[in-house]
Q: 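Below is one structure. I have some questions about it.
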Number of protein chains: 2
Amino acid sequence: MTQQPTCFSAGCPNRALFSEIADKWSMMILHVLDEGPQRFNYIKRQLEGISQKSLTQTLRKLERNGLVHREVIASSPVAVRYEITPLGRSLQSPFRALYRWTYENLGAVETARQAYDQRL
Amino acid sequence: MTQQPTCFSAGCPNRALFSEIADKWSMMILHVLDEGPQRFNYIKRQLEGISQKSLTQTLRKLERNGLVHREVIASSPVAVRYEITPLGRSLQSPFRALYRWTYENLGAVETARQAYDQRL
DNA sequence: CCGTATCCTATAGGATACTG
DNA sequence: CAGTATCCTATAGGATACGG
């Protein structure tokens with residue numbers, strides 16, 4: 001254990017939380033909601049390739065973890081607003097740092113892949 | 001598309017790279033290798049709960065993406081050294097930022113979960 | 001010691017159909 | 001519109017056995 005607290009044990013709640021949080025859809029949804037509150041189908045249209053089921057599941061997970069607020073507006077037909085919470089907002093900068101890394105280093109990674117694949 | 005480049009299309013290589021990179025085991029392996037080059041079974045002992053198969057797969061993926069260097073030392077029995085590359089090192093700070101977030105906000109997340117679960 | 005090969009199971013997640 | 005319910009498949013990943 002170093003002074004920077006890290007945790008490798010199987011039952012570690014941080015490890016579990018990391019697994020829940022660091023997935024593609026969560027990151028993309030929070031990014032969409034960063035612009036402002038949005039409705040279910042608007043989010044769905046932004047995320048090419050997501051199924052309705054996956055979107056619902058991911059939104060529920062985000063809501064349960066306190067990263068997104070869900071508000072039902074009683075109209076006909078019903079409308080639902082999803083809004084990022086302050087806690088969710090605080091997760092943006094780590095996410096952006098990771099995204100920026102992929103953006104800046106994609107070329108290096110692809111070069112490495114070609115080198116690896118040609119050594120076969 | 002905002003000025004901060006992000007990409008939501010299904011075929012986006014950044015999106016794929018993010019999915020490959022942002023997993024629990026990759027993050028933990030890079031952290032272990034941050035101390036210095038290590039051997040297969042040492043890494044395995046650090047990561048409670050990982051199977052040999054998963055460790056091999058993840059190490060290969062890291063190697064292919066240029067984040068880890070694998071060196072076979074011809075002895076008997078054979079030894080293998082895994083070493084983090086400069087590219088791998090550059091990924092550490094985004095990872096640490098994400099880990100730090102889980103560490104600092106675990107309490108808030110757990111509170112949110114209790115509130116959510118009691119509204120049923 | 002460091003794997004590969006095989007089998008097996010659990011889970012994620014797409015497609016589709018239906019509802020308040 | 002915003003889901004829920006069901007089915008179905010693909011993939012991840014553990015357990016085990018064996019090999020260089």
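Residue numbers begin at 1 in each chain, while the letters A, B, ... track the order of the sequences. Please read all numbers here as calculations on a predicted model, not as lab measurements.
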Q: From CH2 of B:Trp25 over to P of D:dG13, roughly how many Å is that when rounded to an integer?
A: 9 Å

Q: Can you check the B:Arg60 CZ to C:dA5 P distance for me, whole Å?
A: 11 Å

Q: Can you name the nearest heavy-atom pair linking A:Ile73 to A:Val78, along with the distance?
A: O-CG2, 3.6 Å

Q: Relative to the ring of A:Phe95, is the ring of B:Phe18 parallel (under 30°), tilted (30 to 60°) or perpendicular (over 60°)?
A: perpendicular

Q: Roughly how many Å is it from CD in A:Gln57 to P in C:dT11, rounded to a whole number?
A: 13 Å

Q: Answer yes when B:Glu48 and A:Arg15 have at least one side-chain N-carboxylate O distance shorter than 4.0 Å, and no when they do not.
A: no

Q: Across the strands shown, which category fits A:Arg81 at heavy-atom distances under 4.0 angstrom: base, sugar-phosphate, nothing?
A: nothing

Q: Rounding to an integer number of Å, can you tell me how far B:Phe40 CZ sits from D:dG20 C1'?
A: 15 Å

Q: In whole angstrom, what separates B:Ile50's CD1 from D:dA12's P?
A: 14 Å

Q: Once you apply a heavy-atom cut-off of 4.0 Å, does A:Tyr82 come out as touching a base, just sugar-phosphate, or nothing?
A: sugar-phosphate

Q: So does A:Gly66 get a backbone contact from the side chain of A:Thr85, meaning a donor-acceptor N/O pair under 3.5 Å?
A: yes

Q: Are OP1 or OP2 of D:dG14 and a side-chain N or O of B:Ser54 less than 4.0 angstrom apart?
A: yes

Q: Among C:dG3, D:dG3, D:dC1, which is the nearest nucleotide to the side chain of A:Arg39?
A: D:dC1

Q: For A:Lys53 and for B:Gln52, locate the closest nucleotide of DNA chain C by heavy-atom distance; then report the residue assigned to the nucleotide nearer the 5' terminus.
A: B:Gln52

Q: Under 4.0 Å, heavy atoms only, any strand: does A:Val78 hit a base, just the sugar-phosphate, or nothing?
A: base

Q: Work out which heavy atom in B:Ser90 is nearest to a heavy atom in A:Trp101; give both atom names and the distance.
A: OG-NE1, 2.9 Å

Q: Could you state the atom-to-atom distance from CD of A:Glu63 to P of D:dA2 in whole Å?
A: 15 Å

Q: In whole angstroms, how far is the P atom of D:dT11 from the NZ atom of A:Lys24?
A: 13 Å

Q: State which of D:dC1, C:dC1, C:dG3 makes the closest approach to the side chain of A:Pro77.
A: D:dC1

Q: Nearest-Å distance, NZ (B:Lys61) to P (D:dT11)?
A: 15 Å

